[in-house]
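Inspection log for the structure reproduced underneath, given as structure tokens.
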Amino acid sequence: MEKKEKIILTGDRPTGRLHIGHYVGSLKRRVELQNSGEFDKIFIMIADAQALTDNADNPEKVRQNIIEVALDYLSCGLDPAKSTMFIQSQIAELTELSFYYMNLVTVARLQRNPTVKAEIQMRDFEASIPVGFFTYPISQAADITAFKATIVPVGEDQMPMIEQTREIVRKFNATYDEVLVEPDILLPSNKSCLRLPGTDGKAKMSKSLNNCIYLSDSEAEIKTKIMGMYTDPNHLKVEDPGQVDGNPVFIYLDAFSRPEHFAKYLPDYENLDELKTHYSRGGLGDVKVKKFLNAVMQEELAPIRTRRKEFEKDIPEIYNILKKGSDEARRVASNTLDEVKSAMKINYFEDVELIKEQAQKYTSTN
Ligand code: ATP
Ligand code: MG
């Protein structure tokens, strides 16, 4: 048997600029994987068709954010020479695959998906869920399988989608033929990065909740957002003992700070554990912790912002990169679709045997 290729597919919805939740949840890892040289192919998708499933009345938002997401990708270090960046809607094959996969999934199974359930609630869709939104896990299965991805590096909220994809793959292969590949999810190894909370303390930083620190925020914006962050609401006076668990300021420190940051910005403490102990004991004010977090975040985000400024100078070139990537993605997806159609026996004109068989049937009856 030929050696199984190692292929990555992942992506983001162009519903806004990318934030530090995307960064720690997926983007940073993608860049590391890209540069590891261990993967045969890497596909990074701007999921505009998926974004339209809950933004049907706001296509302008989706259209405007394509370039924002692409700029964020490039400024984080995704490199078009190593990773194919493309736009979902330009690959018609993905829609076609979704249509066939729909026959392999029940409504009850979709209704059980916890992420979709939570998202429906968040968008007040309970009474009127667009069918496209309800079925987006199927379209995501099409995206992943079209490229025969083996690894999907994403945040924790995507777990039910990958599980759904694996089920579709098994069902397809068992029903028709071994064409599709079961992907594995790759979650962030740092627990705090699985689902970074918002600056407001809500469970997930999300473009739709307006509780984000964006990768492209200015130094001043980052500082204002951090100094205004939600912390332990019972930590009123500096002397009060503070709660570290579930406190977004400490979760961000878990995600971003390293021992060398302490030496540089807060030498009274060796590491994060010491800082946490002091906070829990009481006598450590929120402002001091937030100032430290600000220093750490500024250090991490400044180079990304600087690179972004460079890429912003040649916007047409970025559309070029996306166009080339989309052409390449289309070639790959089209090969998979051919295999799918032939496994499903809907490749009539290529099926010489079928034509012969039918001809014979009619010769013998005539
Ligand atoms: P929307 O509100 O439009 O759904 P979003 O902020 O949830 O936007 P997506 O484009 O849906 O962003 O997600 C893109 C990727 O980023 C996914 O892999 C997702 O798991 C990851 N991700 C999104 N938000 C977070 C977060 N707060 N923490 C960790 N990972 C995240
Ligand atoms: Mg989302």
Side-chain angles (χ1 to χ4, degrees), residues 8-31 33 42-56 58-59 61-62 64-66 68-70 72-73 76 78 85 87-88 113-125 130 132-133 136-137 139-140 143-144 149 151-165 183-217 225 229-230 246 248 251-252 254-256:
I8 289 178
L9 177 114
T10 180
D12 308 272
R13 295 151 39 94
T15 49
R17 291 172 292 152
L18 298 184
H19 53 64
I20 60 171
H22 300 121
Y23 183 66
V24 295
S26 174
L27 203 44
K28 197 174 172 186
R29 189 66 165 284
R30 281 180 219 173
V31 176
L33 295 172
I42 302 176
F43 296 95
I44 311 287
M45 180 179 80
I46 303 184
D48 63 335
Q50 188 187 119
L52 286 167
T53 64
D54 59 327
N55 289 283
N58 200 356
K61 171 169 144 190
V62 173
Q64 293 298 331
N65 279 304
I66 300 268
E68 299 297 337
V69 172
D72 286 330
Y73 283 169
C76 284
L78 285 177
M85 291 173 232
I87 306 180
Q88 187 185 25
N113 185 313
T115 302
V116 177
K117 260 191 205 164
E119 287 176 339
I120 286 173
Q121 225 175 32
M122 192 172 111
R123 289 166 176 76
D124 287 328
F125 272 167
F133 185 79
Y136 92 73
S139 121
Q140 225 165 295
D143 304 332
I144 295 168
I151 299 283
V152 187
V154 283
E156 196 187 30
D157 61 313
Q158 294 301 308
M159 256 160 88
M161 310 303 160
I162 309 302
E163 197 37 53
Q164 176 81 79
T165 301
D184 283 311
I185 189 168
L186 186 66
L187 292 171
S189 44
N190 180 337
K191 248 180 57 207
S192 315
C193 302
L194 287 173
R195 185 175 305 219
L196 202 75
T199 49
D200 56 358
K202 290 224 176 76
K204 183 175 176 278
M205 179 173 288
S206 168
K207 286 169 275 183
S208 313
L209 293 175
N210 223 342
N211 58 5
C212 306
I213 295 176
Y214 292 99
L215 294 174
S216 48
D217 277 345
K225 288 181 184 178
M229 266 179 81
Y230 177 93
I251 298 175
Y252 289 13
D254 273 324
F256 287 97

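Read the numbers this way: they start at 1 and go in the same order the structure lists the ligands and their atoms. Keep in mind the model is a prediction, meaning the values are calculated, not measured.
For ligand 1, the atoms sitting less than 4.0 Å from at least one non-hydrogen atom of G25 are 29 (C), 30 (N), numbered in the order shown with element in parentheses. Near R123, meaning under 4.0 Å from one of its heavy atoms, ligand 1 places the atoms 4 (O). Near C193, meaning under 4.0 Å from any of its heavy atoms, are these atoms of ligand 1: 29 (C). Annotation for ligand 1: atoms under 4.0 Å from non-hydrogen atoms of L194 are 29 (C). Near R195, with a cut-off below 4.0 Å to any heavy atom, the atoms of ligand 1 are 28 (N), 29 (C). Distances below 4.0 Å separate heavy atoms of V154 from the following atoms of ligand 1: 18 (O). In summary, the atoms of ligand 1 found under 4.0 Å from a heavy atom of R13, numbered by their order in the structure, are 1 (P), 3 (O), 4 (O), 10 (O), 11 (O). Set against the non-hydrogen atoms of S206, the atoms of ligand 1 under 4.0 Å away are 2 (O), 6 (O), 7 (O).
Using a 4.0 Å cut-off between a side-chain N of Lys or Arg and a carboxylate O of Asp or Glu, D12 and K207 do not qualify as a salt bridge.
Ring orientation note: the planes of F133 and F125 are nearly perpendicular, at an angle over 60° on the 30°/60° scale.
Atom 19 (C) of ligand 1 has its nearest heavy-atom neighbour, among D157, I185, L196, in D157. The residue among E119, K61, Q158 with a heavy atom at the shortest distance from atom 17 (C) of ligand 1 is Q158. For atom 29 (C) of ligand 1, the choice among G155, G21, G16 with the nearest heavy atom turns out to be G21.
On a distance-only criterion, G11 and ligand 1 share no N/O pair closer than 3.5 Å. Below 3.5 Å of separation, one finds an N or O of T15 facing an N or O of ligand 1. Inclusion of H22 in the set of residues having an N or O under 3.5 Å from an N or O of ligand 1 is warranted. Considering both main-chain and side-chain atoms, P153 never comes within under 3.5 Å of ligand 1 through any nitrogen or oxygen pair. For ligand 1, the polar-atom distance check against K207 finds a nitrogen or oxygen pair separated by under 3.5 Å.
The closest side-chain heavy-atom distance from Y252 to P197 is below 4.5 Å. The shortest distance between side-chain heavy atoms of I185 and M159 falls below 4.5 Å. Put simply, the side chain of R195 reaches to within 4.5 Å of the side chain of D157, judged on heavy atoms. V152 is listed as a side-chain neighbour of I144, based on a closest heavy-atom distance under 4.5 Å.
Listed by chain and residue number, L9, M45, Q88, L94, S139, Q140 satisfy the side chain to side chain contact (heavy atoms under 4.5 Å, CB included) test with D143 (two or more places apart in sequence, or in another chain).
With no hydrogens or angles considered, no side-chain donor-acceptor pair links K202 and N211 at under 3.5 Å. Inspection of the Y136 and E119 side chains reveals an N or O donor paired with an N or O acceptor under 3.5 Å.
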- Item | Residue pair R13, D54: steps toward the salt bridge (Lys or Arg N to Asp or Glu O under 4.0 Å) verdict | CA-CA 11 Å; R13 295 151 39 94; D54 59 327; 3.1 Å; yes

- Task: Might you work through the salt bridge (Lys or Arg N to Asp or Glu O under 4.0 Å) test for K225 and D217, ending with a clear yes or no?
- Result: CA-CA 10 Å; K225 288 181 184 178; D217 277 345; 2.7 Å; yes

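In H19, the part holding a heavy atom less than 4.0 Å from any atom of ligand 1 is the side chain.
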